[in-house]
Undergrad: 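The structure under discussion is supplied below as structure tokens; questions concerning it will follow.
We're numbering straight along the sequence, starting at 1.
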Amino acid sequence: MHRIVWGRATSSNVMKVLWGLGELNLPFERIDVGGSFGKTDTAEYRAMNPTGLVPTLQEDEFTLWESNVILRYLCHAHAPHSILWPQDPHARANIDRWMDAQQTVLNRPMGVVFWGLVRTPPDKRDPAAIAQGVADAAKAYGLIEALLGKHPYIAGADFTLADIPWGVHAHRWFNMDFDRPALPNLRAWYDRLCERPTYKQHIVACPVV
């Protein structure tokens with residue numbers, strides 16, 4: 001099987017998939033598209049992914065887009081007994097809801113902070129919008145701060161797919177230049193993630209740009 005991930009390594013959604021592939025020890029090739037690389041508006045790319053976004057996973061003739069869906073597919077197809085996405089319906093549903101909560105409650109405010117501080121020149125920044133984004137993101141992180149006070153990872157005692165979407169953005173949270181509220185459980189969890197070789201490779205080693 002020839003497995004390709006289409007997407008630039010600095011995209012948070014691409015990072016999710018690269019990290020997941022690393023945790024599952026699945027080989028892949030990555031091709032730069034999106035952002036400054038362009039190529040997502042071509043007919044060839046849109047035939048694989050009509051949204052024109054990244055990432056897109058290609059396995060021979062099969063293609064799939066949406067990062068969280070890709071992570072679940074990889075576990076189901078290639079590691080059905082992995083603790084990353086256990087087969088027990090309750091455990092799996094718990095993981096799924098926290099994966100998707102990253103998109104519904106964290107993605108927007110983190111986007112405001114990231115674009116405001118990283119992608120916008122200092123003289124054009126909106127400090128009030130950035131401050132509100134930090135407050136809203138902190139509120140979202142507060143949801144898992146409470147969980148992480150009870151167990152070491154979001155879904156329980158074990159590292160699972162639930163940690164991947166939040167973990168990608170946690171690296172940005174702790175490595176952008178702004179005053180952030182103290183969330184000690186979140187910080188301890190982030191430090192645990194930083195001990196994982198695949199997190200170091202695909203997240204920590206990637207610049208926040």
Side-chain angles (χ1 to χ4, degrees), residues 1-79 82 84-85 95-96 98-104 106-120 159-176 193-194 196-209:
M1 175 186 292
H2 187 200
R3 181 179 296 109
I4 302 173
V5 176
W6 296 80
R8 67 192 189 280
T10 54
S11 160
S12 60
N13 287 325
V14 174
M15 289 179 185
K16 293 181 194 178
V17 173
L18 301 183
W19 182 10
L21 285 164
E23 293 288 344
L24 293 170
N25 199 29
L26 295 173
F28 64 93
E29 173 190 0
R30 187 182 60 79
I31 297 177
D32 279 320
V33 295
S36 62
F37 297 99
K39 303 177 186 177
T40 54
D41 287 330
T42 64
E44 292 79 10
Y45 188 81
R46 292 291 180 126
M48 293 189 296
N49 185 340
T51 69
L53 301 174
V54 293
T56 299
L57 175 72
Q58 183 179 19
E59 290 185 340
D60 296 333
E61 300 303 314
F62 175 69
T63 60
L64 188 64
W65 41 275
E66 284 297 328
S67 55
N68 285 359
V69 175
I70 292 172
L71 289 171
R72 290 189 279 257
Y73 161 76
L74 290 171
C75 281
H76 184 74
H78 303 293
S82 171
L84 287 178
W85 201 46
I95 291 167
D96 287 347
W98 285 108
M99 290 179 73
D100 293 349
Q102 176 270 312
Q103 295 179 315
T104 57
L106 180 68
N107 208 41
R108 186 199 61 78
M110 275 298 294
V112 171
V113 178
F114 177 75
W115 278 89
L117 292 176
V118 178
R119 299 284 178 85
T120 304
F159 175 86
T160 70
L161 291 187
D163 298 287
I164 292 180
W166 292 83
V168 167
H169 289 278
H171 180 66
R172 292 181 171 182
W173 175 256
F174 285 112
N175 289 279
M176 290 188 287
L193 296 182
C194 287
R196 304 184 74 85
T198 49
Y199 191 76
K200 291 179 182 178
Q201 178 183 0
H202 296 297
I203 314 303
V204 176
C206 193
V208 179
V209 296

Undergrad: Minimum heavy-atom separation for Ala162 to Ile95, with atom names?
TA: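 Reported closest heavy-atom pair: N-CG2, 3.5 Å.
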Undergrad: If you measure from OG on Ser67 to CG on Leu18, what distance do you get to the nearest 0.5 Å?
TA: 11.0 Å
Undergrad: In Å and rounded to the nearest 0.5 Å, what is the CE to CH2 distance from Met110 to Trp166?
TA: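 Output value for this atom pair is 10.5 Å.
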Undergrad: What I'd like to find out is whether the side chain of Leu26 reaches to under 4.5 Å of the side chain of Leu74, using heavy atoms alone.
TA: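 Yes, close enough: below the 4.5 Å cut-off.
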Undergrad: Tell me every residue that passes salt bridge (charged side-chain N to carboxylate O under 4.0 Å, His left out) with Glu59, counting only those two or more places apart in sequence or in another chain.
TA: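 Checked Glu59 against salt bridge (charged side-chain N to carboxylate O under 4.0 Å, His left out); matches are Arg3.
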Undergrad: Is the shortest heavy-atom distance from the side chain of Met15 to the side chain of His171 under 4.5 Å?
TA: no
Undergrad: Taking all non-hydrogen atoms of both residues into account, name the closest pair between Ile164 and Gly20 and its distance.
TA: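 Shortest heavy-atom contact: CD1-CA, 4.0 Å.
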Undergrad: Any ring-ring contact (aromatic ring centres under 6.0 Å, His included) pairs touching residues 38-67, not counting sequence neighbours?
TA: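 Every pair satisfying ring-ring contact (aromatic ring centres under 6.0 Å, His included) with a residue in residues 38-67: Phe62-Tyr73.
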Undergrad: Test side-chain contact (heavy atoms from CB on, under 4.5 Å) on Trp173 and Leu106 and set out the steps.
TA: CA-CA 11 Å; Trp173 175 256; Leu106 180 68; over 6 Å; no
Undergrad: Report all side-chain donor-acceptor pairs from residues 4-12 shorter than 3.5 Å, counting only partners two or more places apart or in another chain.
TA:
{"unit_1": "Trp6", "atom_1": "NE1", "unit_2": "Gln58", "atom_2": "OE1", "d": "3.0"}
{"unit_1": "Ser11", "atom_1": "OG", "unit_2": "Asn13", "atom_2": "N", "d": "3.3"}
{"unit_1": "Ser11", "atom_1": "OG", "unit_2": "Val14", "atom_2": "N", "d": "3.3"}

Undergrad: For Asp60, give me all partners under salt bridge (charged side-chain N to carboxylate O under 4.0 Å, His left out), at least two apart in sequence or on another chain.
TA: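 Here no residue qualifies.
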Undergrad: According to side chain to side chain donor-acceptor pair (under 3.5 Å), who are the partners of Glu29, at least two apart in sequence or on a separate chain?
TA: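 Residues passing side chain to side chain donor-acceptor pair (under 3.5 Å) with Glu29: His2.
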Undergrad: Taking salt bridge (Lys or Arg N to Asp or Glu O under 4.0 Å) as the cut-off, I'd like each qualifying pair that reaches into residues 10-20, sequence neighbours left out, listed once.
TA: none
Undergrad: Can you confirm if the NZ or CZ of Arg196 lies within 45° of the ring axis of Phe159 and under 6.0 Å from the centre of its six-membered ring?
TA: yes
Undergrad: What distance separates Leu24 CG from Cys75 SG, expressed to the nearest 0.5 Å?
TA: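 So the gap between those two atoms works out to 4.5 Å.
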Undergrad: Below 3.5 Å, can you tabulate the donor-acceptor pairs from side chains in residues 34-41 to any protein atom, sequence neighbours excluded?
TA:
{"unit_1": "Thr40", "atom_1": "OG1", "unit_2": "Gly52", "atom_2": "O", "d": "3.4"}
{"unit_1": "Asp41", "atom_1": "OD1", "unit_2": "Arg46", "atom_2": "NH2", "d": "2.6"}

Undergrad: Could you pull out all residues at least two apart from Asp96 that satisfy side chain to side chain contact (heavy atoms under 4.5 Å, CB included)?
TA: Arg72, Trp85, Arg92, Met99
Undergrad: Hey, does Asn49 have a side-chain heavy atom less than 4.5 Å from the side chain of Thr63?
TA: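 Heavy-atom side-chain distance check fails, nothing below 4.5 Å.
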Undergrad: Please collect all salt bridge (Lys or Arg N to Asp or Glu O under 4.0 Å) contacts where either partner lies in residues 163-176, sequence neighbours excluded, each pair once.
TA: none
Undergrad: What side-chain hydrogen bond (donor to acceptor under 3.5 Å, both in side chains) pairs are there with at least one residue in residues 199-208, not counting sequence neighbours?
TA: none
Undergrad: Please report the C-alpha distance between Phe114 and Val208 in whole Å, then the side-chain angles of each, then the deciding distance to 0.1 Å, and finally whether the side-chain contact (heavy atoms from CB on, under 4.5 Å) criterion is met.
TA: CA-CA 9 Å; Phe114 177 75; Val208 179; 3.8 Å; yes
Undergrad: Under the rule for side chain to side chain donor-acceptor pair (under 3.5 Å), what residues qualify as partners of Asn25, not counting sequence neighbours?
TA: none
Undergrad: If I compare all heavy atoms of Gly116 with all of Thr120, which pair ends up nearest, and what's the gap?
TA: O-CB, 3.5 Å
Undergrad: Evaluate side-chain contact (heavy atoms from CB on, under 4.5 Å) for Leu64 paired with Val69, printing each intermediate quantity in order.
TA: CA-CA 8 Å; Leu64 188 64; Val69 175; 4.1 Å; yes
Undergrad: How about Thr198 and Ile203: do any of their side-chain heavy atoms sit closer than 4.5 Å?
TA: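 The answer is no, as the side chains (C-beta and beyond) never meet within the 4.5 Å cut-off.
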Undergrad: Going by the rule side chain to side chain donor-acceptor pair (under 3.5 Å), which residues pair with Asn107 if we only count those two or more places apart in sequence or in a different chain?
TA: Gln102
Undergrad: I'd like to check Gln103 versus Glu66 (side-chain heavy atoms, cut-off strictly below 4.5 Å). Are they in contact?
TA: yes
